[in-house]
There are 2 protein chains.
Amino acid sequence: MSQNTACADETTVPPDETRCYCPLGGVMDLLSRKYAIQVVCVVGALEPVRYGEVEAAFGEVSSSTLSTRLDDLTEAGLLDREQYDEIPPRVEYRLTDEGAELRALLDPLLEWAQERDGAA
Amino acid sequence: MSQNTACADETTVPPDETRCYCPLGGVMDLLSRKYAIQVVCVVGALEPVRYGEVEAAFGEVSSSTLSTRLDDLTEAGLLDREQYDEIPPRVEYRLTDEGAELRALLDPLLEWAQERDGAA
DNA sequence: CAGAATCCATTCGGATACTG
DNA sequence: CAGTATCCGAATGGATTCTG
């Protein structure tokens, strides 16, 4: 999809900084999909967590969407999916180390968002 | 659009916590749109910044998309838009206080994303 | 239970003009 | 310069149905 070339010009930013203020591809693309950020935090908060629990954490999400999101994050190496072959089937999600790093960054964001939206 | 009712059940989360791990509407919706997060950080890094500078910071963005994003964020009270009636026209964007709060939260995220994507 | 598979409506973003 | 207006194709999310 939207392949990106990082910043147009690194020099737009203070010369000594290697930082790019607009990384577009990769993780950021993922996080721009619906529920993505929230899923990371929900899993982090409830892990190990089963599919149904995640679904319950959100009020109204279609299973197709949620499972897509879960897959995306798993593929990206942010979630770890453990499947137990029992009946009924059970699946547990938890954060990978990278996922945990990310969660640490995202959690404050959700907290802020919640306060702000509520205090509106 | 996707109106949300916060968490399906607040008790999904530790009882003493009032935190909801999946706020869906409001700001989070905004931030899930393309470039939104990056725009906040670019403006924060370069403020006061002109439209063209923001555009330049991203390699390939259509002006329509970028300007929509800028509008969204301005309407949401995260950006402040100052228009000077000169010729040629000049417009400056900067973060509002809330925008700055948000940027403080998002900036580490972009840094992390950049590292991660790069180190892939 | 935990999804996968389909199908479809909608949204979103990009390209392309055009303007004060 | 800093957008706006239009149009359109691509991508996404939701509903529904079905299965190991």
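Just so it is clear, the structure is predicted and the values come from calculations on it, not from any experiment. Proteins come first, then strands; the chains are lettered A, B, ... in the order of their sequence lines, and each starts at number 1.
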Quick check for you: among dG20(C), dC1(C), dG13(D), whose closest atom lies nearest to any side-chain atom of Arg50(A)? dC1(C)
Arg90(A) vs dA2(C): side-chain N/O to OP1/OP2 distance below 4.0 Å: no
What is the distance, rounded to the nearest whole Å, between atom OH of Tyr51(A) and atom P of dT19(D)? 18 Å
Within 45° of the axis and under 6.0 Å from the centre of the six-membered ring of Tyr84(A), does NZ or CZ of Arg90(A) qualify? yes
Comparing nearest nucleotides in DNA chain D, the 5'-proximal residue of the pair Pro89(A), Ser62(A) is Ser62(A)
Is there a residue in residues 66-88 of chain A whose heavy atoms reach under 4.0 Å of DNA chain D, and which residues are they? Arg69(A)
Is the shortest side-chain N/O distance from Tyr93(B) to OP1 or OP2 of dG3(D) below 4.0 Å? yes
Glu92(B) CD to dC1(D) P, in whole Å, measures 15 Å
Please give, in whole Å, the distance from dT12(D) P to Leu30(A) CG? 10 Å
For Asp80(A), all residues meeting salt bridge (Lys or Arg N to Asp or Glu O under 4.0 Å), sequence neighbours excluded: none
With respect to the phosphate group of dT12(D), does any side-chain polar atom (N or O) of Arg33(A) fall under 4.0 Å of OP1 or OP2? yes
Going by atom type alone, with no hydrogens or angles, which donor-acceptor pairs under 3.5 Å involve a side-chain atom of residues 37-48 of chain A and a protein atom two or more places apart or on another chain?
unit_1	atom_1	unit_2	atom_2	d
Gln38(A)	NE2	Pro23(B)	O	2.8
Glu47(A)	OE1	Leu95(A)	N	2.7

What pairs with Glu75(B) under side-chain contact (heavy atoms from CB on, under 4.5 Å), at least two apart in sequence or on another chain? none
Grab the CZ-C1' distance between Phe58(A) and dG3(C) for me, whole Å please. 16 Å
Between Thr65(A) and dG14(D), does any side-chain N or O lie under 4.0 Å from OP1 or OP2? yes
What is the separation between atom CD on Glu55(B) and atom P on dA15(C), rounded to the nearest whole Å? 12 Å
Residue set satisfying salt bridge (Lys or Arg N to Asp or Glu O under 4.0 Å) with Glu82(B), at least two apart, ordered chain then number -> none
Could you work out, with salt bridge (Lys or Arg N to Asp or Glu O under 4.0 Å) as the rule, every residue matching Arg94(A), not counting sequence neighbours? Glu92(A)
Checking salt bridge (charged side-chain N to carboxylate O under 4.0 Å, His left out) against Asp72(A), which of Lys34(A), Arg81(A), Arg33(A) comes through? Arg33(A)
Looking only at dT4(D), dA4(C), dG14(D), the nucleotide nearest the Val61(A) side chain is dG14(D)
Please determine whether a side-chain nitrogen or oxygen atom of Lys34(B) lies at a distance below 4.0 Å from atom OP1 or OP2 of dA11(D). no
Output the single nucleotide from dG3(C), dT16(D), dA15(C) whose closest atom is nearest the side chain of Ser64(B). dA15(C)
